[in-house]
Each structure stands twice: as C-alpha cells, then as structure tokens.
Engineer: 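Shown below is the structure under consideration.
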Amino acid sequence: METNFYEQVYALVRLIPEGRVSSYGAIARALGAGKASRMVGYAMRYAGLAQAPVPAHRVVNSSGLLTGKFHFSPPEQMAELLAAEGVVVENDKVRHFKQVFWDPLKEI
DNA sequence: ATCATGACCATCC
DNA sequence: AGGATGGCCATGA
C-alpha cells in the first residue's frame with residue numbers, strides 16, 4: 001500500500017501533461033519537502049507497483065537527465081515514451097529542458 | 001530508536 | 001568532464 005507521501009508524489013506526477021517533464025526536486029518542493037527529492041525517486045521505484053499508471057518517464061533530475069532510465073525495461077523505453085510525446089531527448093537528457101519543464105508549484 | 005538504502009542536489013577537486 | 005563527499009529525509013528491517 002502507498003503511504004500518504006507516495007500518494008502525493010504519484011498524484012503530482014500524474015498531473016504532468018504530455019510533452020512536458022518535471023524534476024524530482026521540484027516535485028519534492030511542491031509537496032513541502034524540498035530536501036526530500038530522493039524520496040521522490042524512491043517513490044518512483046514503487047510507481048510500477050502502483051495501481052494507477054504513473055508517467056515516471058516524465059520525471060527527470062534537475063539537469064533534465066534521465067537518471068532513472070535504467071529502472072525501465074528496457075531502459076530506452078523512457079526516452080522512447082518521451083519522444084512519443086514530443087519531448088526531444090538526446091544523450092539521455094531532455095533538450096529545451098526549461099521549455100518542456102512543468103513546474104508544479106507554478107501550475108498548481 | 002538505530003542502521004542502511006536511495007530514479008537527488010550542490011559542491012569540491 | 002567526471003568522480004568523490006556530505007546533506008537531506010522517508011521507508012523498512
């Protein structure tokens with residue numbers, strides 16, 4: 001079962017529109033735990049176990065790097081999914097990161 | 001309560 | 001550019 005913290009993370013991640021991405025740190029801050037960015041990634045690991053679908057591929061690190069791509073199967077799926085949504089990924093990182101970046105604090 | 005873990009972040013070298 | 005270090009915090013054993 002998911003804890004409240006994870007629920008918040010999942011809920012926020014699901015709010016990320018297509019063609020947009022967000023960062024662990026931004027999500028953490030949006031939840032009020034700005035320094036718990038690691039927990040966001042931790043939660044993402046459980047995302048696959050979540051009942052509702054979680055677009056974890058839309059979550060990257062502060063540099064737009066696909067840090068968690070190795071958790072997908074296969075790893076390249078992350079970039080593929082992003083590319084399918086119009087997000088340009090090059091060398092495991094998001095191009096025009098600032099443009100496609102979706103800030104929960106700003107949107108919510 | 002303590003220890004170890006981690007899909008991070010910032011900084012230093 | 002790339003590796004190492006410390007910090008921060010939730011989760012589970």
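Per chain, numbering begins at 1; letters A, B, ... match sequence-line order.
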Engineer: Using a cut-off of 4.0 Å on non-hydrogen atoms, how would the nucleic acid contact of A:Ala43 be classed: base, sugar-phosphate, or nothing?
Structural biologist: nothing
Engineer: Can you tell me the distance, in whole Å, between the CZ atom of A:Arg38 and the P atom of C:dT5?
Structural biologist: 15 Å
Engineer: Looking only at side-chain atoms of A:His71, point me to the closest of C:dC8, B:dA7, C:dT11.
Structural biologist: B:dA7
Engineer: In whole angstroms, how far is the C1' atom of B:dA7 from the CG atom of A:Leu49?
Structural biologist: 13 Å
Engineer: How many angstroms lie between atom CG of A:Asn61 and atom OG of A:Ser37, to the nearest 0.5 angstrom?
Structural biologist: 10.0 Å
Engineer: Would you say a side-chain N or O of A:Thr67 is under 4.0 Å from OP1 or OP2 of B:dC8?
Structural biologist: yes
Engineer: Measure from CD1 on A:Ile27 to C1' on B:dA7 and round the result to the nearest Å.
Structural biologist: 11 Å
Engineer: Round to a whole Å and report the spacing from CZ of A:Phe5 to P of B:dA7.
Structural biologist: 15 Å
Engineer: If you take atom types as modelled and just measure distance, does the side chain of A:Tyr42 reach the base of C:dA10 with a donor-acceptor pair under 3.5 Å?
Structural biologist: no
Engineer: Quick one: is A:Ser62 getting a side-chain N or O under 4.0 Å of the B:dC8 phosphate, OP1 or OP2?
Structural biologist: no
Engineer: In whole angstroms, how far is the P atom of C:dA10 from the CE atom of A:Met44?
Structural biologist: 16 Å
Engineer: By the 4.0 Å heavy-atom rule, please label A:Phe70 as base, sugar-phosphate, or nothing.
Structural biologist: nothing
Engineer: State plainly whether the residues A:Arg58 and A:Glu85 are in salt-bridge range, i.e. N to O under 4.0 Å.
Structural biologist: yes
Engineer: To the nearest Å, how far apart are A:Leu31 CG and C:dC9 C1'?
Structural biologist: 13 Å
Engineer: Please confirm whether the backbone N or O of A:Lys93 pairs with a side-chain atom of A:Asn91, one donor and one acceptor, at under 3.5 Å?
Structural biologist: no
Engineer: Using only side-chain N and O atoms of A:Ser23, determine if any of them is under 4.0 Å from OP1 or OP2 of B:dC8.
Structural biologist: no
Engineer: A:Arg45 has an atom CZ; how far is it from atom C1' of B:dT5, in whole Å?
Structural biologist: 9 Å
Engineer: Classify the ring geometry between A:Tyr6 and A:Tyr10 as parallel (under 30°), tilted (30 to 60°) or perpendicular (over 60°).
Structural biologist: tilted
Engineer: Kindly give the heavy-atom pair with the smallest separation between A:Phe97 and A:Val21, and that separation in Å.
Structural biologist: CE1-CG2, 3.7 Å
Engineer: Write down the distance between CG (A:Asp92) and P (B:dA7), rounded to a whole number of angstrom.
Structural biologist: 16 Å
Engineer: Using heavy atoms to find the nearest nucleotide of DNA chain C for A:Tyr46 and A:Ser37 separately, return the residue whose nucleotide is more 5′.
Structural biologist: A:Ser37
Engineer: Find which nucleotide of DNA chain B each of A:Phe72 and A:Arg29 is nearest to by heavy atoms, and output the residue with the more 5' nucleotide.
Structural biologist: A:Phe72
